[in-house]
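One structure below.
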Amino acid sequence: MVPAQYYLLLSAAVFCIGIFGLLTRRNALLFLMSVELMLNAANINLVAFSLYWGNVTGQTFSLFTMALAAAEVAVGIGIILVLYRNFDGVDVTKATTMRW
């Protein structure tokens, strides 16, 4: 059986990669991918603690987090399409103001 510390280290690494991508990229698509990495790191934690404590509560919360991630992607793709249509690209530094 794999110790819980390995899952936590994996989760911390994935979360740090997500934070790094969020702070260093200017592309809106990469922002979405970085947020997805961070949510997946939280899912790894939830499932690891669920395994450690021997109940399915963490797995249930992980399913809710996956549904939240799917909704976030749907809204994010809509915002990216508006960015691309109005500013001819998905660089978030070009769109300093979103006007009607």
Side-chain angles (χ1 to χ4, degrees):
M1 184 163 166
V2 179
Q5 291 87 3
Y6 292 158
Y7 292 115
L8 298 179
L9 285 174
L10 174 67
S11 174
V14 171
F15 191 82
C16 288
I17 291 170
I19 287 287
F20 179 76
L22 195 67
L23 294 176
T24 59
R25 304 295 180 192
R26 297 188 305 182
N27 191 338
L29 288 172
L30 293 177
F31 276 3
L32 279 177
M33 288 173 41
S34 297
V35 170
E36 289 295 323
L37 278 174
M38 292 166 55
L39 286 172
N40 284 331
N43 283 339
I44 292 171
N45 272 337
L46 289 169
V47 171
F49 285 126
S50 174
L51 176 68
Y52 180 73
W53 292 106
N55 58 12
V56 295
T57 307
Q59 294 174 6
T60 306
F61 281 121
S62 179
L63 287 173
F64 285 122
T65 307
M66 285 184 213
L68 175 79
E72 176 256 333
V73 166
V75 171
I77 292 295
I79 292 171
I80 289 172
L81 287 174
V82 169
L83 271 173
Y84 185 76
R85 187 179 303 149
N86 290 339
F87 297 102
D88 296 326
V90 290
D91 188 8
V92 293
T93 58
K94 289 183 183 176
T96 56
T97 59
M98 293 282 284
R99 298 182 187 165
W100 291 97

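What you are looking at is a predicted structure, and each value in this text was computed from that prediction instead of being measured.
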Could you list the donor-acceptor pairs under 3.5 angstrom formed between side-chain atoms of residues 38-52 and any protein atom two or more places apart in sequence or on another chain?
from  : atom 1 : to    : atom 2 : distance (Å)
Asn40 : ND2    : Glu36 : O      : 3.3
Asn43 : OD1    : Ser62 : OG     : 3.4
Asn45 : OD1    : Ser11 : OG     : 3.3
Asn45 : ND2    : Ser11 : OG     : 3.2
Ser50 : OG     : Asn55 : O      : 2.3

- Note on the structure: What one should report as the nearest heavy-atom pair of Ser34 and Gly18 is CB-O, 3.3 Å
- Please tell me if the side chains of Tyr6 and Leu10 come closer than 4.5 Å, counting only heavy atoms from C-beta onward. no
- Task: Find out whether Val92 and Arg25 are in side-chain contact, i.e. whether some heavy atom of one side chain is under 4.5 Å from a heavy atom of the other.
- Result: no
- Inter-residue atom distance Phe61.CZ - Thr65.OG1, 0.5 Å rounding: 8.5 Å
- Supply the atom-to-atom distance Met33 CE to Leu29 CG, rounded to the nearest 0.5 angstrom. 8.0 Å
- Note on the structure: In this structure, OG1 of Thr24 is separated from CD1 of Ile19 (nearest 0.5 Å) by 10.5 Å
- Is there side-chain contact between Leu22 and Phe31, with at least one heavy-atom pair below 4.5 Å? yes
- Message: Would you say Leu81 ends up clustered with Tyr84 if hydrophobic residues are merged whenever their side chains have heavy atoms under 4.5 Å apart, either directly or through other cluster members?
- Response: yes
- Side-chain contact test, heavy atoms from C-beta onward, threshold under 4.5 Å: evaluate it for Leu32 versus Ile77 and give yes or no. yes
